[in-house]
Amino acid sequence: MSSPNDLRRDFQTALGAARSLAELQALRDRFLSRKNGLITALVKSIAQAPPADRPALGGAANALKQDVERALDAREAELRAEAPVAGAVDVTLPGRVVALGRRHPLTQVRERIEDIFLSMGYEVVEGPELEDDWHNFEALNMPPEHPARDMQDTLYLAAPMPASSGGRPATLLRTHTSGMQIRYMEAHRPPVRIIAPGRVYRRDNFDATHTPMFTQVEGLVVDEGISLGDLKGTLQAFAERLFEPGIKTHFRPSFFPYTEPSAELDVECPECRGKGCALCKHTGWIEVLGCGMVHPAVFEAVGYDADKYTGFAFGIGIERLALRKYGIDDIRMFYENDLRFLGQVAL
Amino acid sequence: VKLPADWLREFVDVPAAPRAVASKLTACGFDVASVDGGVIDVEVTANRPDCLSIEGLAREVAAAFSLPLKQKTRKASGAPASQPGQKPILPVSIGDAGCGRYALAVADVSVGESPDWLRSRLTEAGVRPISNLVDVTNYVMLEMGHPMHAFDLLKLTGPEIRVRRARAAEKLKTLDGQDRTLDETMLVIADRDRAVALAGVMGGAATEVSHTTTAVAIESAWFRPTLVRSASRRLGLKTEASARFERGADVTAPVRALERALALLTEIGAGQPRGAVVDVYPHPHVARHVALDRRHVARLLGTAIEDAEIERILRALEFRVATTPDGWTVDPPPFRVDVTREADLIEEIGRHWGFDRIPPSFPPLRTAPSAAPPAERETRRILCGAGLQEAETFTFIEQAAAAPFASSPESIVAIANPLSEKFAVLRPSLLPGLLDSLVYNRRRGTADVRLFEVGSTFSPDGERRRAGWVMTGARVDHWAAEAEAVDFFDAKGVAELLAAAARTSLSAEAADDLPWLVRGRAARLVQASPDGPVLVGSVGQIRPAIVVARGGGESDVVYAGQIDLGMLGRAERGGSFQIEPLPRQPSIVRDVSILVDERLPAARVRGTIRANAPATLVALREFDRYEGPGVPSGRVSLSIRMTFRDRDRTLTDGEVQQAVELIVRALEREHGAVLR
């Protein structure tokens with residue numbers, strides 16, 4: 001007959017090996033069966049022990065029986081908890097996601113810019129990509145053979161074609177969205193407060209930092225008493241909303257034939273906070289846009305009273321801003337449409 | 001323009017280090033590309049030819065630092081002034097108004113190397129020393145901004161100088177060894193027999209100065225900017241001289257520059273002037289007077305600037321300033337060809353007062369802003385919602401990519417001066433670009449590709465805004481789904497979604513003549529309008545040969561669609577935004593399955609049902625199309641669900657049954673349909 005201690009040791013070993021409810025039931029029967037359970041046998045054997053040993057043996061057997069029952073019950077609860085539930089699913093498998101496409105990063109930046117100006121009361125207008133010389137150059141104070149035409153190497157159509165809104169036949173691919181200033185002012189009286197986003201084209205190489213096609217957002221505000229201060233305040237607000245509140249900006253005088261005075265807006269490099277890094281070419285600043293006060297010759301071209309009205313205009317290049325916002329260094333990525341790239345932007 | 005600091009200091013005693021000078025220049029409108037040791041590389045904008053010179057930049061630096069500018073180049077030279085009545089060695093005649101002034105000096109020279117100081121000056125400024133004679137003209141051009149040209153006197157026939165238009169097809173070999181063919185739009189310098197220089201652009205090889213030259217004629221002239229620019233552009237020939245003349249040289253500078261050059265030649269022992277300076281100057285410069293109103297300064301800049309500061313800035317830039325009751329009368333100096341009106345003066349004041357000092361303000365909103373949402377935003381969102389990724393492809397593409405998608409070769413719009421064959425024509429459709437992007441992704445291992453683009457397409461009639469989409473691979477990518485390939489109806493569904501969003505509907509007609517789509521899997525999309533049906537787009541499978549020609553795989557199955565947004569948009573504006581109240585009466589649904597000829601379009605079955613149904617038929621849709629075991633060959637089983645409802649009362653089973661029987665009889669009669 002095994003001692004209670006031996007039985008306890010055997011039970012512990014067997015319990016550790018029981019992996020299923022069936023094995024556990026076999027174990028329960030082996031130790032606790034009324035007919036031939038090992039503990040049952042132990043209890044029965046106490047009657048044959050010397051009378052002096054019986055109380056101690058009886059106590060030990062009872063304690064063993066209770067411990068075994070508790071251990072079996074606990075293990076059974078554990079095994080029941082582990083057992084598969086009918087109809088259970090593997091919740092760790094991927095969910096079924098509605099396949100949503102994403103807007104192109106250039107669209108996302110453009111819509112962000114549109115939203116900023118919409119909230120300032122601007123109207124969003126669009127115009128033709130094929131332009132005539134008047135709207136693209138001449139009305140913008142760039143008569144034929146003006147040296148500033150070299151700043152924008154132009155792509156011409158092999159044959160003129162009717163402009164989509166009638167009028168002059170189109171002869172070229174617009175080199176900037178500034179022609180929309182003219183188109184809008186020809187059709188509307190002041191006050192004017194518009195932005196005009198769209199594609200523009202230049203005869204430029206296609207490499208990591210240049211592209212013959214890019215996207216601009218033109219802005220134009222005309223009213224009585226509009227000043228360079230208003231331009232600064234507007235663009236400071238724009239830069240803070242696009243980058244972050246309190247970002248430093250810097251206005252540098254520059255030259256565009258259709259604005260006087262002209263300026264370029266630099267924003268403190270968001271990468272290095274003005275200390276100088278590869279992104280800002282160690283200047284601490286990044287160029288964001290060109291702007292200025294509408295040249296009186298432009299007002300004269302559209303029949304506005306240049307003594308009464310003043311205004312400001314600006315032109316934002318979206319690709320360069322997007323490069324900065326997404327932290328990439330090759331502009332071609334925007335036009336390759338690699339899904340591994342496009343799939344990374346926000347939904 | 002390279003600005004060496006020691007050269008700059010000959011004009012202005014600026015104590016600041018080159019970097020500090022550079023940042024002041026930037027602040028008043030001159031971008032600095034780099035500061036390398038003592039040399040500042042300045043980027044001069046196209047309106048400032050006066051600053052393509054050390055002296056011009058020194059003037060800006062002097063004004064920025066409130067320091068005096070030294071009048072170094074204005075000192076009298078050793079050259080004798082021309083005497084009236086004295087016969088010139090070389091007569092000059094101007095035969096064209098495009099030359100506003102022509103000054104000429106003759107000098108006996110001994111050509112050799114320049115002294116070290118001159119050579120190192122030029123090198124610092126980025127110009128290669130050539131010979132003492134050429135170096136001196138280059139030195140004066142760099143310093144004063146005025147280009148000059150030296151002819152070998154003995155190689156000029158006559159000898160004389162005539163300024164005239166080139167003759168048609170007149171030949172000139174320029175200094176760079178190129179044979180140029182000229183035309184009447186170009187201005188030349190000629191001797192008695194031939195053109196010897198292209199005015200303001202480049203001299204000719206025949207009269208070039210060489211090491212054997214003993215006497216030179218030095219030209220210092222003024223040419224009309226548009227003539228110089230157009231000649232330079234037509235010949236594709238840009239030079240330091242043309243860059244200055246086309247932007248506008250100083251018409252008062254030629255004699256001063258010539259005298260400076262002669263003085264330098266003498267100083268370095270390279271030559272001696274012979275005779276007097278000839279100066280043909282038919283219409284001497286008259287100063288412009290520009291009125292400047294102090295209120296306009298404050299209005300345009302948004303801040304008031306003290307009178308004294310305005311006067312200091314303008315005078316430092318060598319403008320003449322006289323006060324008037326409202327402000328000033330200002331005479332711009334002759335070298336400031338860019339300043340012609342009040343706004344130009346205000347810019348001068350603003351940039352030297354400091355743009356950064358102008359306080360920011362905000363323009364008042366005096367009228368209600370427009371509430372119109374930006375066009376095409378919704379279209380993009382809907383297409384994203386349809387599981388398509390937005391792409392941006394090029395507007396100009398190669399001819400071979402465009403051709404299969406154009407209705408005819410004549411309908412493709414070409415670019416006159418494309419950058420390369422890859423960008424030669426304007427896209428007639430969004431599909432070629434999208435197809436190329438799809439292939440690009442497939443070749444990089446992405447199996448399932450669904451792309452869309454919203455953009456302009458072009459034909460000789462003009463430009464149109466369109467939405468286009470392409471799709472290939474599996475419809476659903478999920479572990480629990482069968483990998484089903486996209487098909488015609490995925491592509492068509494996109495068009496139906498766009499139409500629904502525009503509150504209109506499209507009908508499809510089988511199309512066998514669209515050259516980019518597979519026959520039998522191609523449809524025209526037609527929209528009903530008050531003026532009759534309008535073609536708004538197409539949908540179908542792109543022909544495999546086109547996919548392969550663009551680099552795709554033999555087995556790639558690509559579906560595509562395209563829709564004209566302008567047309568869909570017009571329909572939308574007429575649409576109603578009302579919602580019907582929900583019905584209070586229950587509806588009765590009946591399904592019928594019929595066997596019909598497999599070639600019979602479902603749209604005809606639908607039409608027959610509608611034509612023969614009572615007004616209580618409120619909905620009708622196909623829910624199954626089956627061919628296979630149990631269906632005779634050549635026929636299909638079409639299952640249709642019909643929903644009947646009356647607005648005012650509950651329909652009875654009997655009357656619906658009667659209606660269905662009438663419909664079935666009509667289907668039997670018109671299409672030989674058999675009820676299953």
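Chain naming here is simple, since letters A, B, ... match the order of the sequence lines and numbering starts at 1 in each.
Using a 4.5 Å cut-off between heavy atoms, B:Pro418 touches chain A through its backbone atoms (N, CA, C, O) alone. Residue B:Leu426 touches chain A through its side chain alone, counting heavy-atom pairs closer than 4.5 Å. With a threshold of 4.5 angstrom between heavy atoms, B:Ile415 approaches chain A through its backbone and through its side chain. Using a 4.5 Å cut-off between heavy atoms, B:Asp31 touches chain A through its side chain atoms alone. For a residue to count as touching a neighbouring chain, one of its non-hydrogen atoms must lie under 4.5 Å from one of that chain's; by this rule B:Ser459 touches chain A with the backbone only. For chain A, no part of B:Arg48 is nearby; none of its heavy atoms comes within less than 4.5 Å. In this structure, chain A has a heavy atom under 4.5 Å from the side chain of B:Thr446, while its backbone stays farther away. Proximity to chain A (any heavy atom under 4.5 Å) is shown, for B:Asp344, by both the backbone and the side chain. Within the 4.5 angstrom heavy-atom criterion, only backbone atoms of B:Pro359 (N, CA, C, O) approach chain A. For B:Asp293, no part lies under 4.5 angstrom from a heavy atom of chain A. Proximity to chain A involves both the backbone and the side chain of B:Val449, based on heavy atoms less than 4.5 angstrom apart. Proximity to chain A is absent for every atom of B:Ala243, based on heavy atoms less than 4.5 angstrom apart. Looking at B:Tyr440, the atoms closer than 4.5 Å to chain A (heavy atoms on both sides) all sit in the side chain, from C-beta outward.
Electrostatic pairing of A:Asp338 and B:Arg443 does not count as a salt bridge here, judged by no charged N lying under 4.0 Å from a carboxylate O. Between B:Glu392 and A:Arg199 there is a salt bridge, since at least one side-chain N of the basic residue sits less than 4.0 Å from a carboxylate O of the acidic one. With respect to the salt-bridge test (charged N to carboxylate O, under 4.0 angstrom), the residues B:Arg427 and A:Glu129 do not qualify. Ion pairing between a basic and an acidic side chain is recognised when a charged N comes within 4.0 Å of a carboxylate O; B:Arg377 and A:Glu114 show such pairing.
Residues A:Tyr335 and B:Thr393 bring no donor and acceptor atom of their side chains to less than 3.5 Å of each other. Using modelled atom types, one finds no donor on one side chain facing an acceptor on the other under 3.5 Å when comparing A:Thr310 with B:Arg299.
Scanning for ring-ring contact (aromatic ring centres under 6.0 Å, His included) contacts around A:Tyr156 gives an empty result, with sequence neighbours left out. In this view, B:Glu410 and B:Ser408 satisfy the side chain to side chain donor-acceptor pair (under 3.5 Å) rule, not counting sequence neighbours.
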